[in-house]
Protein chains: 4
Amino acid sequence: MSETKKRSAKRDLITAAAARVFAERGYAQARMADVAAELGMRAGSLYYYFDSKEGLLAAAVEDRVALAVAELESIVASDDPVEAKVRRAIEAHLLVFDEHAALYGMFQTEHLDGIVPDLARAVDERGRAYESLWVGLIEEGIRSGELRPRIDPWVTMKAIVGLCNSTLFWFESDGGMSPELLAGRFADLVLGGVMA
Amino acid sequence: MSETKKRSAKRDLITAAAARVFAERGYAQARMADVAAELGMRAGSLYYYFDSKEGLLAAAVEDRVALAVAELESIVASDDPVEAKVRRAIEAHLLVFDEHAALYGMFQTEHLDGIVPDLARAVDERGRAYESLWVGLIEEGIRSGELRPRIDPWVTMKAIVGLCNSTLFWFESDGGMSPELLAGRFADLVLGGVMA
Amino acid sequence: MSETKKRSAKRDLITAAAARVFAERGYAQARMADVAAELGMRAGSLYYYFDSKEGLLAAAVEDRVALAVAELESIVASDDPVEAKVRRAIEAHLLVFDEHAALYGMFQTEHLDGIVPDLARAVDERGRAYESLWVGLIEEGIRSGELRPRIDPWVTMKAIVGLCNSTLFWFESDGGMSPELLAGRFADLVLGGVMA
Amino acid sequence: MSETKKRSAKRDLITAAAARVFAERGYAQARMADVAAELGMRAGSLYYYFDSKEGLLAAAVEDRVALAVAELESIVASDDPVEAKVRRAIEAHLLVFDEHAALYGMFQTEHLDGIVPDLARAVDERGRAYESLWVGLIEEGIRSGELRPRIDPWVTMKAIVGLCNSTLFWFESDGGMSPELLAGRFADLVLGGVMA
DNA sequence: TATGAATGAGCATTCATTCAT
DNA sequence: AATGAATGAATGCTCATTCAT
């Protein structure tokens with residue numbers, strides 16, 4: 001049991017390192033030796049914990065995908081007005097990204113379907129679920145009169161999610177601005193636009 | 001001259017094919033044989049036109065990067081009101097992306113600095129120039145009173161550009177919606193927000 | 001006939017260029033394009049004159065190998081005293097080398113048996129004939145009492161020929177010393193040694 | 001430490017095999033697979049010990065070049081009469097060649113400057129040092145009256161060194177004659193010539 | 001006669017993976 | 001649990017060679 005725990009802890013260390021390395025250099029450019037070096041180990045040793053590079057990628061990704069969906073689910077289900085929900089959802093999105101930037105970066109930048117098709121499919125499904133929740137939220141706002149009746153819920157969702165996702169390519173929370181503040185600005189833009 | 005033209009035309013065919021293949025599978029996963037096959041050729045033949053895989057990537061990218069910057073430049077320099085400029089700029093962005101989706105996709109999804117550092121640097125510079133133009137446009141709007149005085153020009157620029165860039169991951173113009181229409185929706189969102 | 005002559009003349013130009021290029025870069029490192037460039041042509045054009053790179057090598061070598069043997073033959077057959085014959089033979093050797101340095105350089109420096117076995121065998125035979133003539137000359141000198149009775153004819157031959165051959169690695173007649181002068185010094189050394 | 005020793009020992013085995021293969025087939029014609037096969041390994045495995053084919057060549061050559069120079073240095077510095085020094089130097093030359101024929105063969109027969117310029121330069125310098133020692137020895141003999149005053153030290157050096165070097169192309173100590181015996185004959189020739 | 005274009009075989013090199021220790 | 005060593009498949013690249021024009 002203690003052995004098992006130690007092994008599991010080490011696995012976590014490795015997946016974390018892998019997520020970092022994969023995100024930084026790209027999955028294809030990253031070598032197993034790079035991941036191992038990050039941990040002061042040798043490439044061969046990783047195979048004591050994982051079957052393959054793809055397996056390592058899968059493990060690095062698998063557990064953490066569910067988080068964002070669950071969070072958004074609870075936000076949507078709450079009794080807040082839609083405006084508040086949108087604000088909270090955007091903030092939640094950026095906070096998750098901020099914490100797991102390396103991980104989510106891989107979803108955007110890697111051609112995972114050519115590498116780990118099963119995993120890619122699973123991730124895709126999660127993504128669709130996430131998008132559905134957003135669409136539902138927007139439709140709720142339109143129905144309740146809080147959002148403009150003429151906006152296209154699906155396009156709007158794509159815009160908001162795309163906007164949030166794009167932070168992966170440039171935002172670093174240690175760069176002066178907090179993710180919460182950035183989320184506020186984004187929400188302002190999305191809700192009220194820039195026109196005077 | 002005719003020979004030169006033919007050669008140049010073939011080079012263009014190859015770079016186009018390369019951009020497609022690189023964008024689809026990712027630069028690292030793409031084999032020279034894939035690019036060649038796209039043209040009914042064999043891998044070795046590509047070396048008659050290009051020195052290396054990296055050279056092919058560079059050629060595929062190089063010439064076309066300047067376009068977007070030039071276009072935005074002329075839009076910003078025009079006499080339109082800022083609102084119209086923003087609308088036109090967003091539309092121009094999406095139109096360029098629609099036409100060269102494969103190409104611009106690579107900028108987002110590949111870790112080019114690890115592969116072709118010089119090219120990556122050059123592309124980066126263009127990107128910064130593009131962003132500067134947007135920031136200038138937003139500041140102009142604030143000064144003229146057309147845009148809200150409290151918005152942060154840089155963050156707003158990042159939001160708009162990120163929003164437009166994110167279409168690379170999902171938008172296909174043959175999917176029912178024209179890029180012009182999508183651009184209009186995006187401009188509505190950016191300018192006026194979603195609140196009723 | 002005129003056509004044939006022109007073709008033959010061109011073939012000679014090509015073999016000369018090939019000998020030069022092969023000797024300079026080594027047969028394996030030399031590309032057909034290098035040989036062609038030496039003549040302001042393209043690689044493919046050489047195949048109008050020669051079947052293959054090996055054929056080109058063979059042609060470059062073939063005709064000229066007989067020269068040295070024939071010359072030495074006539075020297076040995078003459079009525080001069082052995083000392084004079086040795087002097088003349090050494091000079092002839094260096095003169096041939098000086099004129100066809102590129103060509104003979106290839107015999108020494110290339111692993112021709114791994115590349116053109118038939119040619120290598122033919123060249124080898126010529127070489128043995130050449131050596132036999134030298135051995136005969138030395139034996140003649142011993143018999144006649146002109147050369148020391150205790151020297152080993154074969155080893156002596158190897159020494160003399162090796163000595164002459166070694167000039168290929170350093171001697172250039174435009175470097176200040178004439179091949180005739182060098183031959184004289186070599187003959188002095190071979191005949192009388194260096195001891196006071 | 002033991003690990004390091006084992007690794008180093010293996011590296012030596014590989015460089016030895018490489019020297020053999022390179023000398024036999026020529027560097028360009030030799031495949032990494034050939035070198036590996038000589039050791040019962042596969043080509044890829046060599047890269048665990050060396051960076052590249054060129055690196056392997058460099059390693060094969062590097063350490064062993066200094067030997068001959070050092071040996072000649074000590075001979076020249078001794079108190080023997082010049083005649084004895086010359087005899088010893090020739091013998092040393094042939095003995096080194098006999099032991100490392102494969103290695104030194106490459107210096108003569110490969111166009112190393114086109115392949116590993118740095119290494120070629122380094123080897124060249126050693127060669128010049130070696131020649132300088134010989135020239136010095138000959139000048140010493142002339143000054144002391146042991147050698148003829150009229151001989152040209154540099155040409156004489158080239159002759160002696162060239163003579164010794166030429167053995168690389170034919171001499172094999174298991175062919176009946178010992179290198180020591182051959183060296184003796186060469187010294188007789190060099191010192192006293194062949195004339196009766 | 002010469003060339004531009006294309007080919008395909010060959011080879012160096014990389015790297016995930018295995019395995020005895 | 002980890003490593004050093006070895007492997008083999010994959011792939012970029014070179015270059016002799018072919019051939020239609």
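Sequence lines set the chain letters: A, B, ... in the order given, protein chains first and strands last, and positions in each chain run from 1.
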Using heavy atoms and a sub-4.0 Å distance, could you list which residues of residues 17-35 of chain D are near DNA chain E? By number, please.
D:Ala30, D:Arg31, D:Met32
Would you tell me if any nitrogen or oxygen in the side chain of B:Arg42 comes within less than 4.0 Å of OP1 or OP2 on E:dG8?
yes
Describe, in one word, how the ring planes of B:Phe169 and A:Phe169 are oriented to each other, choosing from parallel (under 30°), tilted (30 to 60°) and perpendicular (over 60°).
parallel
Could you go through D:Tyr49 and D:Leu56, starting from their C-alpha distance and side-chain angles, then the distance that decides it, and tell me whether this counts as side-chain contact (heavy atoms from CB on, under 4.5 Å)?
CA-CA 9 Å; D:Tyr49 297 93; D:Leu56 182 50; over 6 Å; no
Report yes if at least one side-chain N or O of D:Tyr48 is closer than 4.0 Å to OP1 or OP2 of F:dA5; otherwise report no.
yes
Sugar-phosphate, base or nothing in reach of A:Phe50, heavy atoms under 4.0 Å:
nothing
Selected nucleotide, minimal atom distance to C:Lys53 side chain, candidates F:dT17, E:dT17, E:dG8
F:dT17
Output yes when a side-chain donor or acceptor of A:Glu110 lies under 3.5 Å from a complementary backbone atom of A:Tyr27, and no otherwise.
yes
It should be established whether D:Arg7 places a side-chain nitrogen or oxygen under 4.0 Å from OP1 or OP2 of nucleotide F:dA5.
yes
Could you state the CG-C1' distance from D:Leu39 to F:dA5, rounded to the nearest angstrom?
14 Å
Closest to the B:Met41 side chain, choosing from E:dA2, E:dA6, F:dA1
E:dA6
Applying side-chain contact (heavy atoms from CB on, under 4.5 Å), run through A:Thr109 and A:Leu168 and close with a yes or a no.
CA-CA 10 Å; A:Thr109 62; A:Leu168 279 174; over 6 Å; no
A:Lys10 side-chain N/O to F:dA2 phosphate OP1/OP2 under 4.0 Å:
yes
Please state how far atom OH in B:Tyr49 lies from atom P in E:dG4, giving the value in whole angstrom units.
11 Å
Below 4.0 angstrom from OP1 or OP2 of E:dT7, is there any side-chain N or O of B:Ser45?
yes
Quick one: are A:Asn165 and A:Phe107 in side-chain contact, heavy atoms under 4.5 Å?
no
What's the closest nucleotide to the side chain of C:Tyr47 if the choices are F:dT3, F:dA16, F:dG8?
F:dA16
Are the side chain of C:Ser8 and the backbone of C:Thr4 linked by a donor-acceptor contact shorter than 3.5 Å?
no
Could you tell me how far apart C:Leu46 (CG) and F:dA16 (C1') are, to the nearest whole angstrom?
11 Å
Nearest-angstrom distance from the residue atom NZ of D:Lys6 to P of E:dT21
10 Å
Full working for side-chain contact (heavy atoms from CB on, under 4.5 Å) between D:Val61 and D:Val123
CA-CA 9 Å; D:Val61 166; D:Val123 169; 3.9 Å; yes
Salt-bridged, C:Asp124 to C:Arg121, with N to O below 4.0 Å?
no
Quick check against the 3.5 Å criterion: does C:Arg25 have a side-chain atom that pairs as donor or acceptor with the backbone of D:His111?
no
Pairs under 3.5 Å (Watson-Crick or G-U), crossing ones as [ ], inter-strand ones as |: DNA chain F comes out as .||||||||||||||||||||
Of A:Asp51 and C:Gly44, whose nearest nucleotide on DNA chain E comes first from the 5' end?
C:Gly44
